[in-house]
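Input: a single structure, listed below in structure tokens.
By convention in this document, chain letters (A, B, ...) are assigned in the order of the sequence lines, proteins followed by strands, and residues within each chain are numbered from 1. Fair warning: this is a prediction, and the values are worked out from it, not measured in the lab.
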There are 2 protein chains.
Amino acid sequence: METPAPAALPKYYVLKEQILTLIEDAVPGTLIPTERALAEQYGTSRTTVRQAIGELVSEGRLDRTQGRGTFVAPPKVTHVRQLTSFTDDAASQGMTASARILDVSEVPADPVTARRLAVEPGAVVHRVERIRLVNGEPLAHETAFLAGELPGLAGNVEVRGSLYSALREDYGIRISEVEDTVETKLAGPDEVRLLAVEMGAPMLLVHRLGLDPDGRPVEWTESVFRGDRFRFVARMHV
Amino acid sequence: METPAPAALPKYYVLKEQILTLIEDAVPGTLIPTERALAEQYGTSRTTVRQAIGELVSEGRLDRTQGRGTFVAPPKVTHVRQLTSFTDDAASQGMTASARILDVSEVPADPVTARRLAVEPGAVVHRVERIRLVNGEPLAHETAFLAGELPGLAGNVEVRGSLYSALREDYGIRISEVEDTVETKLAGPDEVRLLAVEMGAPMLLVHRLGLDPDGRPVEWTESVFRGDRFRFVARMHV
DNA sequence: TGGATAAATTGGTTTATACCAATAGTCCGA
DNA sequence: TCGGACTATTGGTATAAACCAATTTATCCA
């Protein structure tokens, strides 16, 4: 043998790029061939087809539903954080943002939360758990912990529609500095249930610590965003 | 049947959590049993074991090498961006940051780069492609495009060891505002080759636009970070 | 005509198997 | 003693097959 090392790209990866060329000009929502059809068409096994499609789903290029089929996905949503709120952001891009409240309660702070909020472990803090939606589609699962006295928080968040609005308008709490941490995470059963993503899909895990003008920690929030639909933007002065 | 719906968690997910309990107290570098051994031990197939291990590798909990075995991975590196440079950041955490320069050249700007840097398409811009390393381990693949006259850039970047230092010290260019965009991406052949990650591993794709004090775009950079080793931190005033 | 039921379709999970490729260890010969 | 070939081990890729689960479509009956 004279030329023994050709390319060695995995077969599923080649197939993935072939499927990409099939869908790059298709309108979102278009149905693609079934896995069994693609396997036969490209002379491969369904396992390999599923691996290729699986990555395209993770990258937000395809959506699939058991019993229905696999479809071309809409493009990513861009979200600009900073001054603007989640709601204003979406509006500026011609989309409607909303939130579904799962829980508003008072709980004893676990050690991690207590340290972040600078309260004693076990001290009572407010807990706000929500699903954030854009155009009716679930985009993130968010759990916020808040220190301090906030009577009637549940009702106020409900009325204002925004946690930040309620803090500012109803309690005079202003957040002037935030620290965001972003890392990757894979979807587990919770995300599958709440955000309609697939097991193992890449997610963006965001932690936010909000400080008031005096530098006191006020808000500690953990958010899990769909990695296939979301883009995180931070603008800052050096 | 009275209770037909028990739990329905995928078998590989249950196994994944079992493996997690095995390794959570182990020192980094510890060798875990072989895939074939785990399959027999837990009464499942090697395919299922590989699916479980694959996610743990994606999450940065395990490292594996063909022919050697699978090992407990070291914890994530935290990186604070903003005022501090990549180099200073690492130093503050007791680690050593370095960069391997792959290419410093002048190229005609492609349409996207030209628009970001506000130059005409095809205008010559500087291109700096590097691998960023922490403690000798590759962490990110970064390609920066710079507008303007920068004679001797290659040598200066080499000497300074930092692109930002060279811009500031050698050309008097200061970046006073940046916009970072963070999203997820799956590792392709390039990342596998340059960053020693697995095909399909989740990565953080970061785009940075740097502006000088007059608001003129100076730097346009695309970075691909290992999602299993990296955490992105942004601190900002509202 | 409307609605319940059955069948077909399509993606989801798991197993078993075979072979490839990289590594580490062993053994043998110069 | 060193160097290289061989072998065993371990992860990497791919196939075929079977069965489950959600959805859609077709069918049949009241």
Rounded to whole Å, how long is the line connecting atom [atom1] of [X] with atom [atom2] of [N]?
X: B:Leu15; N: C:dT15; atom1: CG; atom2: P; value: 10 Å
X: A:Ile53; N: C:dT10; atom1: CD1; atom2: P; value: 13 Å
X: A:Met199; N: D:dA21; atom1: CE; atom2: C1'; value: 16 Å
X: B:Glu35; N: C:dA18; atom1: CD; atom2: P; value: 18 Å
X: B:Leu38; N: D:dG11; atom1: CG; atom2: C1'; value: 12 Å
X: A:Gln51; N: C:dG12; atom1: CD; atom2: C1'; value: 15 Å
X: B:Lys16; N: C:dT13; atom1: NZ; atom2: P; value: 13 Å
X: B:Asp63; N: D:dT10; atom1: CG; atom2: C1'; value: 16 Å

Side-chain N or O of [X] closer than 4.0 Å to phosphate OP1/OP2 of [N]:
X: A:Arg50; N: C:dG12; value: yes
X: B:Thr70; N: D:dG11; value: yes
X: A:Thr44; N: D:dT15; value: yes
X: B:Thr48; N: C:dT15; value: yes

A:Ser45, nearest nucleotide to its side chain (from D:dG11, C:dT23, D:dT15):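 It is D:dT15.
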Residue B:Gln66, side-chain atoms from C-beta onward, closest of C:dT23, C:dA21, C:dG11: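 So the side chain of B:Gln66 is nearest to C:dA21.
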Residue met sooner reading DNA chain D from 5', once A:Thr65 and A:Arg36 are mapped to nucleotides: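 Looking at DNA chain D, the more 5' nearest nucleotide goes with A:Arg36.
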Side chain A:Arg68 and base C:dG11 donor-acceptor under 3.5 Å: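 It does not, because no donor-acceptor pair links the side chain of A:Arg68 to the base of C:dG11 below 3.5 Å.
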Heavy-atom donor-acceptor pair, B:Arg46 side-chain to D:dG12 base, under 3.5 Å: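 Result: at least one qualifying N/O pair found.
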Electrostatic pair B:Arg115-B:Asp110, nearest N-O below 4.0 angstrom: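 No, this pair does not count.
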Residue pair A:Glu219 / A:Tyr164, side-chain donor-acceptor N/O under 3.5 Å: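 Indeed, the side chains of A:Glu219 and A:Tyr164 share at least one donor-acceptor pair under 3.5 Å.
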Side-chain donor-acceptor pair present, A:Glu55, A:Tyr13, cut-off under 3.5 Å: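 Looking only at side-chain atoms, A:Tyr13 and A:Glu55 do not form any donor-acceptor pair under 3.5 Å.
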Sugar-phosphate, base or nothing in reach of A:Thr47, heavy atoms under 4.0 Å: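 The residue A:Thr47 makes base contact.
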Parallel, tilted or perpendicular, as decided by the 30° and 60° cut-offs, for the rings of A:Phe230 and A:Phe225: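 A:Phe225 and A:Phe230: parallel rings.
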Evaluation steps, ring-ring contact (aromatic ring centres under 6.0 Å, His included), between B:His126 and B:Phe145: CA-CA 5 Å; B:His126 296 268; B:Phe145 293 95; over 10 Å; no
